[in-house]
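Take a look at the structure below.
We count ligands from 1, going down the list as the structure has it; atoms in each ligand are counted the same way.
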Amino acid sequence: MRIAGRVDVDDLPRICPLLSRRTNPRFGEAQTRVVQVGSVRFGGERPVVIAGPCAVESREQTLEVAREVKGSGADMLRGGAYKPRTSPHDFQGLGLEGLKILREASRETGLPVVTEVMDPRLVEQVAEYADMFQIGSRNMQNYPLLVEVGRARKPVLLKRGMAAGLCEWLGAAEYIANEGNFDIVLCERGIKAFSNGEYSRYSLDLNVIPAVKAETFLPVIADPSHATGVAGMVEGASRAALEFGAQGLIIEVASDRLDASKPKCDAAQAISPRTLRRIVHYIDARQEALAERVLAA
Ligand code: PEP
Ligand code: MN
């Protein structure tokens with residue numbers, strides 16, 4: 001029996017000849033193509049930490065969190081100006097005003113900023129304010145959007161669709177590369193599986209990280225915040241993802257000041273600035289231990 005539309009990883013050289021390791025032997029078996037965003041290097045020697053609020057809610061909230069992110073030693077700022085929400089009645093983001101706030105936070109802290117773009121008509125606008133586009137899980141297969149960010153010549157953080165397989169994910173990345181933009185960072189952000197909201201929001205698919213690295217030379221990072229949906233799980237999930245070879249993390253953070261208002265979206269998964277600092281310290285210590293191991297060998 002043959003199944004129409006069936007794919008497996010052996011089809012990857014056909015689905016994504018521009019990005020498959022098998023069709024690009026110059027990258028060897030382990031080498032990653034470094035994606036540079038300002039001075040931040042994805043796929044370089046050290047895992048990259050992106051952190052910030054789920055959504056840009058106000059200038060005060062964003063600047064406060066951005067300062068904490070900078071103080072923690074993280075490398076980049078995140079924050080949504082356009083939010084993909086389950087209900088159209090929920091907070092949709094501040095739009096252009098949010099982009100301006102992000103730019104200001106980036107200028108003040110020196111951190112490059114990544115933010116989601118959902119609409120192909122807004123790619124130019126978002127490009128004016130952001131250092132990196134984020135394509136969200138819900139839009140991973142929005143092909144006109146992928147083509148548009150591919151043409152915009154700016155690095156792209158491509159999140160995995162919550163129900164997408166490896167071939168579909170890499171096929172989506174190929175749409176961006178096909179426009180001449182190879183500055184793509186993949187992000188595993190949790191898939192729909194058993195947990196389904198009972199004990200976590202999604203399931204962090206750790207196994208896909210080494211699989212991605214085996215099939216493509218693009219860097220891959222993990223999002224422990226959306227993958228778990230539980231603040232108390234974010235630190236453990238971050239460590240686990242690094243052990244599985246993740247080349248970075250994207251983490252949601254909120255202020256823990258008593259008088260600060262609760263985030264309007266994804267409040268349950270936001271970690272405190274203190275926990276973020278601990279995660280960055282963990283990476284510092286891990287890097288030192290790795291360097292010592294290399295010296296001893
Ligand atoms: C986000 O990063 O805020 C977000 C909406 O993520 P995802 O697309 O992974 O759900
Ligand atoms: Mn979020």
Throw together a table of side-chain donor-acceptor distances under 3.5 angstrom for residues 65-75, partners on residues two or more places apart or in other chains.
| residue | atom | partner | partner atom | Å |
| --- | --- | --- | --- | --- |
| R67 | NE | E108 | OE2 | 2.7 |
| R67 | NH2 | E108 | OE1 | 3.0 |
| R67 | NH2 | E108 | OE2 | 3.4 |
| K70 | NZ | T109 | O | 3.4 |
| S72 | OG | V69 | O | 2.6 |
| S72 | OG | A74 | N | 3.2 |
| D75 | OD2 | V49 | N | 2.7 |

Can you get from V156 to V37 by hopping between Ile, Leu, Val, Met, Phe, Trp and Tyr side chains that sit under 4.5 Å apart?
no
How wide is the angle at the Mn ion (ligand 2) spanned by C54 SG and H226 NE2, rounded to 10 degrees?
170°
What N/O/S atom of E252 is the closest to the Mn ion (ligand 2)?
OE2
Would you find more than 12 non-hydrogen atoms of other residues, nucleotides or ligands less than 6.0 Å from R153 atom CZ?
yes
Show me, by chain and number, every protein residue that has a heavy-atom distance under 4.0 Å to ligand 1.
R78, K83, P84, E116, Q134, G136, S137, R138, K159, R189, H226, E252
Could you walk me through whether D223 and K159 satisfy the salt bridge (Lys or Arg N to Asp or Glu O under 4.0 Å) test, starting with their C-alpha distance in whole Å, then the side-chain angles of each, then the deciding distance to 0.1 Å, before giving a yes or no?
CA-CA 9 Å; D223 176 344; K159 290 195 150 194; 2.6 Å; yes
Taking just the N, O or S atoms of D266, which one is nearest to the Mn ion (ligand 2)?
OD2
Whether R239 engages the ring of Y282 as a cation-pi pair (distance to the six-membered ring centre under 6.0 angstrom, angle to the ring normal within 45°) should be assessed.
yes
Name each donor-acceptor pair under 3.5 Å that joins a side chain in residues 241-250 to protein atoms two or more places apart or in another chain, with its distance.
| residue | atom | partner | partner atom | Å |
| --- | --- | --- | --- | --- |
| E243 | OE2 | R286 | NE | 3.1 |
| E243 | OE2 | R286 | NH2 | 3.3 |
| Q247 | OE1 | V220 | N | 2.8 |
| Q247 | NE2 | T32 | OG1 | 3.0 |

Non-neighbouring partners of Y175 that pass side-chain hydrogen bond (donor to acceptor under 3.5 Å, both in side chains), sequence neighbours left out:
none
